[in-house]
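To keep things clear, I will list the structure first and then write my remarks on it.
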Amino acid sequence: MPDNPAGDPPGCGELRAEDAGREVTLYGWVQRRRDHGGLLFVDLRDRTGIVQLVFDSESSGELFDVAETLRSEYVVKVGGEVVRRDPANVNPALKTGEIEVRVKSLEILNRSKTPPFYIEDGIQVDENVRLRYRYLDLRRPENYRRLEMRHRMVKLIRDYLDGCGFLEIETPMLTRSTPEGARDFLVPSRTSRGSFYALPQSPQLFKQLLMAAGVQRYFQIARCFRDEDLRADRQPEFTQIDMEISFLGRERLFAIVEGMMACLFREILGRELALPFPRMTYREAMERFGSDKPDLRFGMELVDCSEPARESEFKIFRDALEKGGVVKALRVPGKGGASRKELDDLVKLAVAFGAGGLAWMARQEEGWRSPIAKFFSPALLDRIGELTEAAPGDLLLFAAGEAAVCHEVLGRLRLHLAPEELSPEPHFLWVVDFPLFEYDAAEKRLNAAHHPFTAPHEDDLHLLETEPLAVRSQAYDLVLNGVELGSGSTRIHRREVQMQVFNLLGLSEAEAMEKFSFLLEAFDYGLPPHGGIALGLDRLVAFFTGDESIRQVIAFPKTAAGSCLLTGAPAPVEPHQLQELGIAVKSAAKDGGPAR
RNA sequence: GGAGCUGUGGUGUAGCGGUUAACAUGCCGGCCUGUCACGCCGGAGAUCGCGGGUUCAAUUCCCGUCAGCUCCGCCA
């Protein structure tokens with residue numbers, strides 16, 4: 001550990017052979033005690049690691065008696081001499097294994113109950129129990145390393161963006177609920193009864209206002225809140241690296257973000273990233289990979305087989321094509337020998353993903369094994385083999401129908417059937433030109449695909465009124481190995497365009513003013529062109545630590561039901577608290593609450 | 001809102017329509033001067049998540065419920 005202003009002496013895990021002869025004072029937790037009767041070993045742990053303490057009954061009677069009372073996780077202060085171990089007693093598994101500390105003084109600073117699980121790496125304990133005692137879980141070295149990794153990454157990011165001329169600015173946590181988007185967490189106001197703050201889903205509007213304020217380059221390690229159901233990679237509160245720049249367009253922003261990723265990979269993993277990252281339009285991503293966040297660590301691209309399908313006698317394919325749909329294929333290498341049951345399961349899966357059905361062909365050394373091959377002439381089968389590059393032993397899966405559905409279904413099957421061995425290289429990708437709107441079938445109206453402040457693509461402005469669903473936006477996503485790391489856009493900076501988009505989203509002039517007057521007014525006072533992006537810090541850290549769930553890289557995460565097993569939040573409040581807020585609770589939730 | 005999986009000493013597991021509920025580890029006590037997952041001997045510790053039902057009998061079968069995890073919907 002480098003010198004620091006605190007001038008801290010070495011920690012337990014930092015002592016080495018060259019410290020032999022040194023008198024040290026150590027603080028830490030008792031990891032383990034090995035009592036040999038007249039000789040007692042204690043492994044002392046602090047955040048730097050473990051060192052062995054030795055107590056000898058012959059040389060220190062009273063001290064030895066105290067040492068015998070030590071138990072797991074007792075907190076102690078010891079003074080002693082670092083001594084080299086006899087070569088026969090060196091423990092190569094420990095970094096401090098060449099030495100040990102002969103204890104001369106021992107003070108028990110605090111006792112501990114027997115912990116519910118071992119404080120060590122690689123334990124197999126229910127996450128339930130670990131979250132209930134999260135402070136003990138975090139005491140484990142692997143979790144300290146996770147916290148440390150997050151800290152280092154955030155520090156690198158801050159320094160990097162500082163170097164790029166960004167200003168870190170905090171925006172309000174108590175803000176205004178806005179329509180659309182995720183469900184808001186609401187905070188009742190005491191001073192304005194019946195009114196509510198909302199916790200920010202992102203600092204979106206504020207960062208745009210900071211551009212209006214002439215900041216030009218803003219960033220924030222921003223906590224965001226969304227009251228939606230959880231997943232392994234979704235928590236109700238999470239952290240974004242939120243950025244926004246004025247004047248300079250998308251290219252500059254991409255370069256800044258790419259530079260940030262390159263910096264993290266260089267400083268943390270010691271490897272260079274190939275820059276710039278490849279790009280793909282949303283349309284291309286959907287057509288080739290059936291996903292707006294394609295995992296490029298493997299191939300298995302979707303292949304359009306509409307042309308040979310049109311010539312075939314297979315009615316389902318022909319009907320789909322006549323209705324303006326497509327027939328697309330997914331080639332699964334080496335899966336041609338799949339059993340009937342495996343194939344049936346794939347069909348079921350496809351149906352669960354929204355397909356009407358799923359056809360398959362297995363290429364064999366001679367010909368095809370397939371229930372639908374009989375509808376295809378040999379020439380057409382050859383054509384399909386050519387298009388899909390199917391080799392003997394490969395399996396082809398076909399989806400027919402509406403293009404969007406086919407892409408979705410085959411895209412999911414592609415992930416489901418992905419090879420076990422994936423490329424070890426990180427595969428970054430910019431996905432650009434997302435659609436501006438998507439159609440909400442339930443509400444029978446347009447929704448913003450990204451958010452309502454995203455600028456339409458310049459080339460598609462003329463389509464806004466006539467064919468809004470065909471309008472591309474200036475939104476983009478950063479994808480890493482099939483995970484959406486973040487998304488952003490060039491924003492609308494002209495008031496008339498913003499109003500037009502609001503109108504298309506079903507917001508009247510009056511409603512727009514009611515909800516967003518503060519933003520619209522800013523448009524009138526020289527709002528510069530601007531754009532930005534928000535990257536999911538939790539997902540990024542999880543990538544670097546190799547964790548599947550972002551719970552692992554959040555100090556105090558919540559369960560899938562949004563409860564905190566440590567504190568018991570959320571919890572009922574005192575009646576007088578509700579009274580002050582003018583709130584009456586209609587009916588309490590089911591009994592139980594989080595288990596703690 | 002929906003689906004699947006899980007729930008047995010502190011922890012991790014086994015088990016089965018009738019058991020003294022088993023094993024490992026941890027814990028407690030004893031012995032032990034070179035261990036490092038120390039070892040040896042002994043001991044304590046479980047109303048089998050909760051509620052109901054079927055049954056002569058339920059930890060075991062059924063239903064419900066709670067909690068956790070994963071996924072779908074949802075997440076501009």
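Protein chains get the first letters and strands the later ones, always in sequence-line order, with residue 1 at the start of each.
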**Prompt:** Do R226(A) and C75(B) share a donor-acceptor pair, side chain to base, under 3.5 Å?
**Reply:** no

**Request:** Answer with yes or no whether the side chains of Q552(A) and S549(A) bring together a donor and an acceptor at under 3.5 Å.
**Result:** no

**Message:** Can you say whether a donor on the side chain of E228(A) sits under 3.5 Å from an acceptor on the base of G73(B), or the other way round?
**Reply:** no

**Shortest side-chain distance from A560(A), nucleotide among C38(B), U70(B), G1(B)** = U70(B)

**Message:** Starting the side chain at C-beta, find the nucleotide from U70(B), G12(B), C69(B) nearest to S549(A).
**Reply:** U70(B)

**Message:** By a 5.5 angstrom centroid cut-off and a 30 degree plane limit, is there stacking between F117(A) and U11(B)?
**Reply:** no

**Asked** Is the aromatic ring of H36(A) within stacking range of U35(B), meaning centres under 5.5 angstrom and planes under 30 degrees?
**Response** no

**Asked** Rounded to whole angstrom units, what separation is found between the CG atom of D126(A) and the C1' atom of U11(B)?
**Response** 10 Å

**Message:** Between C1' on C72(B) and CD on E408(A), what's the gap in Å once rounded to a whole number?
**Reply:** 11 Å

**Asked** What nucleotide, of U33(B), G12(B), U35(B), holds the atom closest to the side chain of D56(A)?
**Response** U33(B)

**Message:** Looking only at the side chains, is there a donor atom on one of Y218(A) and D242(A) sitting less than 3.5 Å from an acceptor on the other?
**Reply:** yes

**Message:** Can you list, in residue-number order, the parts of residues 478-490 of chain A that come under 4.0 Å of RNA chain B, counting heavy atoms only?
**Reply:** none

**Prompt:** Pairs in or reaching into residues 554-566 of chain A: which pass salt bridge (Lys or Arg N to Asp or Glu O under 4.0 Å), with residues at least two apart or in two chains?
**Reply:** E237(A)-K558(A)

**Donor-acceptor pair (no angle test) under 3.5 Å: Q124(A) side chain, U11(B) base** = no

**Request:** Select one nucleotide: of G68(B), G73(B), U35(B), the one nearest the side-chain heavy atoms of R412(A).
**Result:** G73(B)

**Salt bridge present between D344(A) and K348(A) (N-O < 4.0 angstrom)** = no

**Asked** Would you call the rings of Y476(A) and W430(A) parallel, tilted or perpendicular, where under 30° means parallel and over 60° means perpendicular?
**Response** perpendicular

**Prompt:** Who pairs with Q204(A) by side chain to side chain contact (heavy atoms under 4.5 Å, CB included), at least two apart in sequence or on another chain?
**Reply:** S202(A), K207(A), Q208(A), H451(A), F453(A), R491(A)

**Closest-nucleotide ordering on RNA chain B, the 5'-leading residue of Q52(A) and E127(A)** = Q52(A)

**Item:** Which residue lies more 5' along RNA chain B, comparing D233(A) with S202(A) via nearest heavy atoms
**Value:** D233(A)

**Request:** Could you tell me whether E98(A) and R16(A) have a side-chain N and a carboxylate O separated by less than 4.0 Å?
**Result:** no

**Prompt:** With distance as the sole criterion, do the side chain of R85(A) and the base of U35(B) form a donor-acceptor contact below 3.5 Å?
**Reply:** yes

**Identity of whatever pairs with C69(B) - Watson-Crick or G-U, under 3.5 angstrom** = G4(B)

**Request:** Using atom CD1 of I50(A) as one end and atom C1' of U35(B) as the other, report the distance to the nearest whole Å.
**Result:** 14 Å

**Message:** Taking pairing as Watson-Crick or G-U wobble with both contacts under 3.5 Å, can you name the mate of A21(B), or confirm there isn't one?
**Reply:** none

